[in-house]
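Data block below; observations after.
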Amino acid sequence: MNMAPVTAAMAAQRLGRSPTTIRLWAHRYAARTLGRDGRQVVYDYDDLATIEWCIWAGHVVPLTPEERDELRAARRRAA
């Protein structure tokens, strides 16, 4: 599993969303956190990107980071 550390602001820029939306998703969907950088929470970008893809595609967001890892792996195998 490759974990790319990002803050909410970094993820927001990459995903075209607001930092507030990223933090809301992180809370609502229990996004994987990797620690802190000063006062900023550091998230796993891949987990946030999977949440964003599920919402964009109209799919149910898997409840845990581990389930989202499995979804990403299944999508890679299918590609």
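- Under the 4.5 Å side-chain heavy-atom criterion for Ile, Leu, Val, Met, Phe, Trp and Tyr, Ile51 and Tyr45 are members of the same hydrophobic cluster.
- Taking the ring axis of Trp25 as reference, the NZ or CZ atom of Arg17 does not stay both within 45° of it and closer than 6.0 Å to the ring centre.
- Contact between Asp47 and Ala30 at its shortest, heavy atoms only, is OD2-O, 4.4 Å.
- Judged purely by atom type and a 3.5 angstrom limit, Asp44 has no side-chain atom pairing as donor or acceptor with the backbone of Arg32.
- Listed by chain and number, the residues in a side chain to side chain donor-acceptor pair (under 3.5 Å) with Gln13 amount to none (sequence neighbours excluded).
- Arg23 meets the salt bridge (charged side-chain N to carboxylate O under 4.0 Å, His left out) test with no other residue; sequence neighbours excluded.
- Here the shortest heavy-atom pairing between Ala11 and Val6 reads CB-CG2, 3.8 Å.
- Closest non-hydrogen pair, Ala12 versus Pro19, comes out as CB-N, 3.4 Å.
- Cluster annotation: Trp53 is not connected to Leu48 through the hydrophobic network of ILVMFWY side chains, with a link wherever side-chain heavy atoms come within less than 4.5 Å.
- Asp37 places none of its side-chain heavy atoms less than 4.5 Å from the side chain of Pro5.
- Listed here is the closest heavy atom pair of Cys54 and Leu71: SG-CD2, 3.6 Å.
- The hydrophobic clustering, which links ILVMFWY residues whose side-chain heavy atoms are closer than 4.5 Å, places Leu15 and Tyr43 together.
- The side chain to side chain contact (heavy atoms under 4.5 Å, CB included) with Tyr29 is formed by just one residue from the set Thr64, Thr50, Ile55; it is Ile55.
- Rounding to the nearest 0.5 angstrom, the gap separating the CD atom in Gln40 from the CE atom in Met10 is 10.0 Å.
- Annotation: side chain of Val61 is in contact with side chain of Arg68 (closest heavy-atom distance under 4.5 Å).
- The structure places CD1 of Ile22 at 15.0 Å from NE2 of His27, a figure rounded to the nearest 0.5 Å.
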